[in-house]
Chemist: 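What follows is a single structure, and I will ask about it in a moment.
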Amino acid sequence: MSAMLDVSNLSKIYTRGRFDRTPTFRLDADFSIEEPAIVGMMGPNGSGKTTLFELITGSNSPTSGKVEVCGRDIHRVRTDERDRLAIHYHQSYQVRHFRSLRPNALMQRAGSDYPLVHLFDEPQFNTQDGYIGFMLDFFRRLRAEGRLVFLCVHPNERFHLEILEEICERFIFVNKGVVTPLPDYAGLLAHEPARAYLGNLLTERAAALEPAA
Amino acid sequence: MALFEARNIHKRFGSRVVLENISLAFEEGQISGIMGPNGAGKSTCFHVLTGQHKPDRGEVLFDGQRISGLPPQRIARMGVSRSFQLMNLFDDTVVIENVMLALPAFRERRLKAMSAVFSDTALIDRALVVLDQVGLAVRAWDAAASLSYGDRRALEIAVALAAEPRILFLDEPTSGLGAEATRRLALLVRRLRERYTIVMIEHDMRFLFELADRISVIHWGQVIAEGTPAQLGDNKWVRRSALAEATHA
């Protein structure tokens with residue numbers, strides 16, 4: 001049985017230009033998620049989170065390595081069917097255009113009607129309107145139906161951490177192009193770069209959880 | 001079986017998925033609500049339900065008959081009526097004329113002169129009945145342009161009712177209305193519920209929670225939650241939100 005998502009020896013290297021091949025940014029990832037899950041993803045701006053999402057959905061091509069969704073190499077699936085395997089819910093609702101050198105007719109079918117991997121890119125969480133509750137229930141439903149959910153959040157308020165702790169079973173921390181999978185919330189908090197990134201939110205949250213003296 | 005049903009609706013615009021596998025069911029005699037944040041796909045969903053857009057996959061059924069793919073006028077004649085988000089009334093006429101123009105009896109007469117229309121008492125009586133349903137019978141002979149914003153909304157609903165629908169779709173009925181006009185609209189919708197099956201898209205969550213029998217929450221082009229207002233309100237995060245008051249009302 002193949003993993004829900006297998007990211008193996010994946011790297012994406014951006015260079016200055018076509019002739020000057022000096023690297024300006026490099027993302028490396030190597031991890032596998034066997035079972036349906038809700039995975040929290042975070043990291044500083046510019047660390048490569050969106051690039052990783054784009055590589056997983058196949059809208060961006062890797063320099064080397066590959067991404068397999070339930071055993072299918074996403075970059076070998078017809079471009080018009082890749083979102084039946086992995087779909088990226090953009091913050092801005094923009095959709096990147098797929099570029100491929102191979103015609104669709106020569107590529108594989110997705111073999112799925114409804115996406116297996118759902119990547120949510122910084123959904124708007126607002127405590128005033130109550131939608132958070134509906135969104136979290138939706139993530140749980142997708143997982144219960146056997147799908148893999150990624151939730152990318154840029155925590156800048158305490159309740160963002162509360163959401164991540166409530167719903168995510170595992171985490172991925174992305175920092176300067178380095179992708180680190182972490183087994184659970186405690187693992188996230190034990191990861192030094194993540195602690196540094198969350199900074200004040202952790203101390204505020206600890207203070208809020210402490211019973212009033 | 002539900003009076004109106006959408007099954008596994010899928011709609012793309014270019015490479016973007018706008019509606020993903022949407023299924024909805026509206027029961028006869030109920031008020032059904034559709035809510036969701038901006039850009040969630042509510043309006044596209046509405047257009048697919050009432051026939052302005054054709055779904056790429058899935059089907060829409062009214063009273064057991066498949067209506068998706070039929071032209072919108074045909075769907076309207078079958079008893080599916082809708083209001084529009086943009087005000088589309090004839091301002092240079094009187095209130096009653098807006099309703100008369102939308103009556104099936106008028107449309108059957110086609111291009112007969114309006115003078116003849118105004119001497120047709122049966123047509124006038126029918127229009128007055130419709131205006132009375134929205135509380136505007138007393139304003140029948142006033143200039144349409146003289147109506148307040150809230151009364152204009154009521155007149156738009158009357159225009160939709162003139163087609164003698166079995167199900168009435170309202171697209172963001174509270175948009176642009178102040179608190180008092182919204183309160184009056186709520187009373188009107190509650191009264192219409194006795195006579196029509198109603199579906200409304202609305203982003204005013206309090207309005208919807210107060211009126212609807214069932215609500216479907218649409219986000220990312222999908223139904224992310226549905227249930228009665230009480231069921232939807234029974235959620236930790238909803239209880240923490242400003243909506244909590246409305247759900248306990």
Side-chain angles (χ1 to χ4, degrees), chain A residues 57-59 78-100 104 110 112-116 118-142 145 147 149 151 157-160 162-163 166-167, chain B residues 7-10 12-23 33-42 44 56-58 202-209 215-227 229 231-248:
Chain A
T57 55
S59 65
R78 293 169 57 111
T79 53
D80 59 350
E81 291 187 8
R82 285 181 192 173
D83 68 10
R84 300 298 86 197
L85 290 177
I87 190 163
H88 188 170
Y89 300 88
H90 294 251
Q91 204 183 359
S92 58
Y93 292 95
Q94 286 169 337
V95 171
R96 183 183 265 264
H97 280 280
F98 288 91
R99 261 176 307 174
S100 175
N104 274 333
S112 167
D113 257 358
Y114 185 75
L116 302 169
H118 297 248
L119 304 109
F120 295 90
D121 206 342
E122 300 197 17
Q124 297 288 313
F125 289 129
N126 174 347
T127 48
Q128 279 306 295
D129 62 16
Y131 278 115
I132 295 174
F134 308 140
M135 294 182 190
L136 298 191
D137 282 350
F138 179 57
F139 300 152
R140 291 189 184 100
R141 190 174 90 206
L142 288 172
E145 288 171 0
R147 306 180 195 280
V149 176
L151 177 57
E157 286 194 67
R158 222 189 308 149
F159 76 88
H160 289 145
E162 217 179 306
I163 289 174
E166 176 183 331
I167 197 151
Chain B
R7 290 186 187 157
N8 308 103
I9 297 294
H10 191 93
R12 262 178 204 271
F13 289 127
S15 63
R16 196 184 129 193
V17 177
V18 188
L19 300 178
E20 175 89 80
N21 206 33
I22 286 206
S23 293
I34 295 175
M35 69 181 203
N38 285 333
K42 300 189 297 290
T44 305
D56 298 329
R57 263 196 273 144
E202 185 53 62
H203 67 250
D204 182 337
M205 291 167 81
R206 285 160 187 258
F207 184 81
L208 213 50
F209 268 70
I215 296 172
S216 304
V217 183
I218 292 187
H219 197 5
W220 299 300
Q222 303 174 61
V223 179
I224 64 165
E226 57 188 340
Q231 287 166 343
L232 292 178
D234 183 24
N235 180 305
K236 175 179 125 193
W237 292 95
V238 176
R239 280 195 296 273
R240 272 172 69 166
S241 74
L243 192 62
E245 299 158 42
T247 57
H248 291 150

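By convention in this document, chain letters (A, B, ...) are assigned in the order of the sequence lines, proteins followed by strands, and residues within each chain are numbered from 1.
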Chemist: Check whether any side-chain heavy atom of A:Asp113 sits under 4.5 Å from a side-chain heavy atom of B:Arg57, and report yes or no.
Modeler: yes
Chemist: Does any non-hydrogen side-chain atom of B:Glu20 lie less than 4.5 Å from one of A:Ile87?
Modeler: yes
Chemist: If you count heavy-atom pairs under 4.5 Å between each of A:Leu136, A:Ile163, A:Ile132 and chain B, which one has the most?
Modeler: A:Ile132
Chemist: Would you mind reporting whether B:His219 and A:Phe134 have side-chain heavy atoms less than 4.5 Å apart?
Modeler: no
Chemist: Do the side chains of A:Asp83 and B:Arg16 get nearer than 4.5 Å, heavy atoms only?
Modeler: no
Chemist: Is A:Phe120 close to chain B through its backbone or its side chain, or both, or neither, when contacts mean heavy atoms under 4.5 Å?
Modeler: side chain
Chemist: Are side-chain heavy atoms of B:His10 and A:Tyr114 found at a separation under 4.5 Å?
Modeler: no
Chemist: Less than 4.0 angstrom from a charged side-chain N to a carboxylate O is my criterion; do B:Arg12 and A:Asp80 meet it?
Modeler: no
Chemist: For chain A, find which of B:Ile224, B:Val217, B:Val223 contributes the most heavy-atom pairs closer than 4.5 angstrom.
Modeler: B:Ile224
Chemist: What pair of heavy atoms forms the shortest contact from B:Gln222 to A:Tyr89, and how long is it?
Modeler: NE2-OH, 2.8 Å
Chemist: Any idea which of A:Leu142, A:Asp129, A:Asp137 has the most non-hydrogen atom pairs under 4.5 angstrom with chain B?
Modeler: A:Asp129
Chemist: Quick check on A:Arg84 against chain B: is it the side chain, the backbone, both or neither that has a heavy atom closer than 4.5 Å?
Modeler: side chain
Chemist: Decide yes or no for B:Trp237 and A:Glu162: does some side-chain heavy atom of the first lie under 4.5 Å from some side-chain heavy atom of the second?
Modeler: yes
Chemist: Mind checking whether A:His118 and B:Trp220 have side chains closer than 4.5 Å, heavy atoms only?
Modeler: no
Chemist: So which atom in A:Gly130 and which in B:Ser241 form the shortest heavy-atom distance, rounded to 0.1 Å?
Modeler: N-CB, 3.3 Å
